Each structure stands twice: as structure tokens, then as C-alpha cells.
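These figures come from a predicted structure and were not determined experimentally. First the proteins, then the strands, lettered A, B, ... as listed; each starts at 1.
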There are 2 protein chains.
Amino acid sequence: MLTIGDLSKATGVKVPTIRYYEQMGLISPAERSEGNQRRYSSEERERLAFIRHARDLGLTIDAIRALIDLSQHPERPCRDADRIAAEQLATVRRKIARLRKLEAELERITSHCHSDQISDCYVIRALANHDLCHDDHD
Amino acid sequence: MLTIGDLSKATGVKVPTIRYYEQMGLISPAERSEGNQRRYSSEERERLAFIRHARDLGLTIDAIRALIDLSQHPERPCRDADRIAAEQLATVRRKIARLRKLEAELERITSHCHSDQISDCYVIRALANHDLCHDDHD
DNA sequence: CTTGATGCTCAAGGGGCTTGAGGTTTTATG
DNA sequence: CATAAAACCTCAAGCCCCTTGAGCATCAAG
């Protein structure tokens, strides 16, 4: 049996975060030692690794909960799980698209600033005046 | 003079957000009408547009406050403003790099899922087992 | 003068944790 | 076996950047 600290090291999820996940119902309440400390089996380590991986991929707590529910009904079709992952992929792509525009804009702003004085600073002027933007990054 | 609603429409910043910015000291407390309602001049509209633009580019409230401080000392060198923008650019680039990895991983996960049953779902298996990943997206 | 839109303040919520205080249990060492 | 350090516990609050809601006041149009 693992202590919460062992589990934390094994999965890379911080100790308070593990307790938080328990509170949020992502993992079921752990068994306790005689002195009321949490004890985990390797099954629980696997589930936490699953959660960690999904969080790393940017899935929300709610989406992860849905996936866990699905995984507990092995006869259900795969489509739902696929849809959750696909939605996340779409979200990630939207974020990338947006960040690319920000990148272009910031690049332009910083590379144009050759002045010495704030009064003539391109950064400040560009921020004050959206019209100086080439793209509509909003 | 603009009401807070007019200002909101003019800048795209929501009414409660304007009040929040005032509370946070990003904009100075507005003049008031006889009936205690906020009234804004076009100067204040410009400052709010500046804030909006900077937020859109992902700058934090603190960074924006720093830029506003700078812009009020026209004789100071431009370097500081440039540094703030450059830091934001670096942050954006880091985010893009990370999201690209997530994109690749999610793409791979979703496109491999041809099964009908959760029990054999690649999405679930891939999330459960980080070793199935091609990249170290953590 | 009434009505409906807009405004006000103050407090709480939300996501996903993190941090802190104040106390108990476990483990390593003497 | 006694002690001390490390790890654990609970509960509450903090963080960022707003958003939402309740309950009331003001304003512009008809």
C-alpha cells in the first residue's frame, strides 16, 4: 500500500491536489490506516495516472469524470470517448490559432520599437491603437 | 460624457469588468453624475481600449499596470515597455509549443479509435498509459 | 407620471488548484 | 523505548480575472 506521498511521487500529482481530486469525486475516498492516513493500491495509482495524463492534455475535470464513467461501462460504444477527445482537439486547435495571431502581433510590436523614449514607444502606441494591428486578433 | 454602458459598447469591455478595473486601479475612479452614476470622457475610453487590447494579447493586469505607469513618464527609456512585450511574446511561444504537442497527441489518440466498445477504446487506453504517447508532452 | 432599461453596491461563485495554520501519526535514530 | 523529524490530517482562505446575483436607485422615452 502506498501513502499519499508515495502516490504523489509515483504519478507527479501533488499531495494537496490528490486530496482535492478526492473531494471532487475523481478518485474514490481512499482506505485509511489505523491513524487515519490515506493508503492507496496500485489500481488507484493507475487511475490517478490516467487523470494526470488527461489534465496534461488539457481536459477539464468534468470531461475526465465523463471518461471515467465511460470506462466503467465496457459495453458502451467508443463513440462518446472519442467525441470527448475530439472536442478537446478542436479546443486546442482554436487556442493555437489564436495564439499564433498574438504571436505575430507581439512580434511586430516588439521588433518595431527602436525608440529611446516612452513618448515615442511603438509598444505603447500599438497597444493604445488597435488600428495599428495587421490582424484582427480579438 | 459616456455612461458606463456607452463605454462598454465602445470598447467591448463588459460593464462589471469596467467596475472591476476601477477597483483594481487600472482606471481611475470615474466622475459621477448627480445621481451617482459613472461618467467617462474620451480619454478614459482610450485608456480602456488600451487595457482591452493588452488583455486580448494576454498581458496580465500587473503587466498592464506597469505599462500604464511607464506611459506616464514620457522621458523614461523605451526598454522597459519593450521588455514587457517581449516577455509576453516568449510566454505565447511557450504556450504554442506546448499546445502543438497536445494537438499531435490528441490527433493520434482520436484517429486510432476504430473500436466499437469502450473496453477496447484507444482513447481510454492511451490516457491510462502514457507510454503509448509518442512525445513527452508533459 | 409611469415604465423599462440602465445604473449602483456588496457579496459570492467559478476552475483548478495552492497555501497556511494548527494539530496528529509514522518512521528513523539513539 | 524515547524522541525528533518527516509526513500526514482537516479546515479555511487565497489566487487570477472576472462573472453572477440580489436588492435597490436613476434615467430617458412615451
Spacing of [X] atom [atom1] relative to [N] atom [atom2], expressed in whole Å:
{"X": "B:R39", "N": "D:dT26", "atom1": "CZ", "atom2": "C1'", "result": "9 Å"}
{"X": "B:I64", "N": "D:dC18", "atom1": "CD1", "atom2": "P", "result": "8 Å"}
{"X": "A:R19", "N": "D:dA13", "atom1": "CZ", "atom2": "C1'", "result": "16 Å"}
{"X": "A:Q23", "N": "D:dC9", "atom1": "CD", "atom2": "C1'", "result": "13 Å"}
{"X": "A:M24", "N": "C:dT18", "atom1": "CE", "atom2": "P", "result": "13 Å"}
{"X": "A:D56", "N": "C:dC17", "atom1": "CG", "atom2": "C1'", "result": "14 Å"}
{"X": "A:Q37", "N": "D:dC8", "atom1": "CD", "atom2": "P", "result": "7 Å"}
{"X": "A:I18", "N": "D:dC9", "atom1": "CD1", "atom2": "C1'", "result": "14 Å"}

Any carboxylate oxygen within less than 4.0 angstrom of a Lys/Arg side-chain nitrogen, looking at [X] and [Y]?
{"X": "A:E44", "Y": "A:R47", "answer": "no"}
{"X": "B:R93", "Y": "A:E107", "answer": "yes"}
{"X": "B:R65", "Y": "B:D69", "answer": "no"}

According to a strict under-4.0 Å criterion, is [X] in side-chain N/O contact with OP1 or OP2 of [N]?
{"X": "A:R38", "N": "D:dC9", "answer": "yes"}
{"X": "B:T3", "N": "C:dG7", "answer": "yes"}
{"X": "A:K14", "N": "C:dT18", "answer": "yes"}
{"X": "B:R32", "N": "C:dT9", "answer": "yes"}

Which nucleotide sits closest to the side chain of [X]: [options]?
{"X": "B:T17", "options": "D:dT19, C:dG16, C:dG7", "result": "D:dT19"}
{"X": "B:R55", "options": "C:dT18, C:dC8, D:dC18", "result": "D:dC18"}
{"X": "B:I4", "options": "C:dC8, C:dT18, D:dT19", "result": "C:dC8"}
{"X": "A:Y21", "options": "C:dC17, C:dC8, D:dC9", "result": "C:dC17"}
{"X": "A:Y20", "options": "C:dT26, C:dG7, C:dC17", "result": "C:dC17"}

Rounded to the nearest 0.5 Å, how far does CE of A:M24 lie from OG1 of A:T17?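 CE of A:M24 is found 12.0 Å from OG1 of A:T17.
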Given DNA chain D, 5'-ward residue of the pair A:G35 and B:T60, judged by closest heavy atom: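 Looking at the nearest nucleotide for each, A:G35 comes out on the 5' side.
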Select from B:N36 and B:L59 the residue whose nearest nucleotide in DNA chain D is closer to the 5' end of that strand.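 Nearest-nucleotide comparison on DNA chain D picks B:L59.
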Quick one, B:T91 with B:R94, criterion side-chain hydrogen bond (donor to acceptor under 3.5 Å, both in side chains). Give me CA distance, side-chain angles, the key distance, then yes/no. CA-CA 5 Å; B:T91 301; B:R94 277 193 301 275; 3.3 Å; yes
